[in-house]
Trainee: 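Just passing along the structure, written as structure tokens.
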Amino acid sequence: GVTQSPTHLIKTRGQQVTLRCSSQSGHNTVSWYQQALGQGPQFIFQYYREEENGRGNFPPRFSGLQFPNDSSELNVNALELDDSALYLCASSLAVGSGYTFGSGTRLTVV
Amino acid sequence: AQSVTQLGSHVSVSEGALVLLRCNYSSSVPPYLFWYVQYPNQGLQLLLKYTTGATLVKGINGFEAEFKKSETSFHLTKPSAHMSDAAEYFCAVRSSGANSKLTFGKGITLSVRP
């Protein structure tokens, strides 16, 4: 499956954070989503074979990386209080095959 | 552009009763449609998906959904609710392009009364 670390994180406004994800083996597409409390997940960006190939309505301080070993990162700079959310990583083998989601990282910005 | 509308934020049913969760979508191209379930403090689990072919799709835990193009709907049903079905349910749409994304609805909380 998809594993994410850490499960919970508390950061101070203005700090930087890196969230990590290990995709399901063989999946070449990974996406990151932000889920605020009581809302549906919102698309941040997607990587295909280590290149970003889609981005949602998030500012440039949200960035990512995908590595050849089925792992990926989400980096957020200059944290704001509104960045507090559950961050979900999802991997996919192919278009239409459905995404496999991790359990998420709960980020709290104080 | 694509979007998903899930009417109502909360549905309550009695154990053993029919579950019906509504989902309407908007997509400029033939869509792929998904239902996910989320239990408290967990990630999303795929219940079922429609890509092409048969419009009645069966998923896990006894759930099924029917793709109706004319109504742009993909409602989720289960004949008999179980207490363990209590969770948050999300409908999502994805276009068929290679760099497409999942667009989610706001979700519906399903409560099951004993």
Side-chain angles (χ1 to χ4, degrees), chain A residues 1-8 19 21-24 27-49 51-58 64 66 85-108, chain B residues 1-10 21 23-25 27 29-53 57 59-60 63 65 67 74 87-109:
Chain A
V2 176
T3 57
Q4 293 186 243
S5 62
T7 55
H8 294 82
L19 310 182
C21 172
S22 178
S23 301
Q24 189 160 330
H27 284 192
N28 55 24
T29 301
V30 64
S31 300
W32 286 88
Y33 291 79
Q34 180 196 67
Q35 185 179 16
L37 205 59
Q39 300 295 317
Q42 297 292 314
F43 175 73
I44 303 176
F45 45 58
Q46 176 171 282
Y47 280 80
Y48 173 71
R49 292 183 176 176
E51 296 217 357
E52 184 180 301
N53 75 340
R55 189 176 183 92
N57 188 26
F58 281 81
Q66 183 186 24
L86 179 68
Y87 288 85
L88 296 165
C89 169
S91 69
S92 176
L93 178 61
V95 175
S97 64
Y99 282 118
T100 301
F101 280 81
S103 297
T105 294
R106 174 72 64 187
L107 173 65
T108 303
Chain B
Q2 54 195 31
S3 65
V4 173
T5 301
Q6 293 185 250
L7 291 178
S9 60
H10 186 229
L21 304 181
C23 172
N24 289 89
Y25 70 90
S27 177
V29 297
Y32 295 158
L33 295 160
F34 306 84
W35 274 99
Y36 285 88
V37 62
Q38 186 176 36
Y39 297 99
N41 301 312
Q42 294 190 25
L44 301 174
Q45 180 183 7
L46 179 66
L47 278 177
L48 48 79
K49 63 182 180 184
Y50 168 79
T51 54
T52 59
V57 180
I60 62 171
F63 285 95
F67 169 60
F74 191 57
E88 187 89 9
Y89 291 80
F90 294 94
C91 181
V93 62
R94 179 179 182 180
S95 65
S96 55
N99 61 351
S100 61
K101 62 180 181 179
L102 275 174
T103 299
F104 287 86
K106 291 187 176 181
I108 298 175
T109 301

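Treat the numbers as computed from the prediction; the structure is a model and nothing was measured. Protein chains get the first letters and strands the later ones, always in sequence-line order, with residue 1 at the start of each.
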Trainee: Supply the atom-to-atom distance A:Phe101 CZ to B:Leu46 CG, rounded to the nearest 0.5 angstrom.
Mentor: 9.0 Å
Trainee: Go through the atoms of A:Gln35 and report whether side chain, backbone, both or neither lie under 4.5 Å from a heavy atom of chain B.
Mentor: side chain
Trainee: Can you establish whether the number of heavy atoms outside B:Ile60 located under 6.0 Å from its atom CD1 is more than 12?
Mentor: yes
Trainee: Would you compute the distance between atom CD of A:Gln39 and atom CZ of B:Phe90 and round it to the nearest 0.5 angstrom?
Mentor: 8.5 Å
Trainee: Could you check whether any side-chain heavy atom of A:Tyr99 comes within less than 4.5 Å of a side-chain heavy atom of B:Tyr36, counting everything from C-beta outward?
Mentor: yes
Trainee: Is there a side-chain contact between A:Pro41 and B:Leu44 (heavy atoms, below 4.5 Å)?
Mentor: yes
Trainee: What's the separation between atom CG in B:Leu102 and atom CD in A:Gln42, rounded to the nearest 0.5 Å?
Mentor: 12.0 Å
Trainee: For residues A:Leu88 and B:Gly43, report the shortest heavy-atom separation together with the two atoms involved.
Mentor: CD2-CA, 4.1 Å
Trainee: About how many Å separate OG of A:Ser92 and CZ of B:Arg94, when rounded to the nearest 0.5 Å?
Mentor: 5.0 Å
Trainee: Which atoms of B:Gln6 are under 4.5 Å from chain A, going by heavy atoms: the side chain, the backbone, both sets, or neither?
Mentor: neither
Trainee: Is the distance from the ring center of B:Phe104 to that of A:Tyr33 below 6.0 Å?
Mentor: yes
Trainee: Measure B:Tyr50 against the heavy atoms of chain A and call it side chain, backbone, both or neither at under 4.5 Å.
Mentor: neither
Trainee: Restricting to non-hydrogen atoms, name the atom on A:Leu86 and the atom on B:Gln38 that form the minimum distance, rounded to 0.1 Å.
Mentor: CD2-NE2, 3.7 Å
Trainee: Less than 4.5 Å to any heavy atom of chain B: does that hold for the side chain of A:Phe45, its backbone, both, or neither?
Mentor: neither
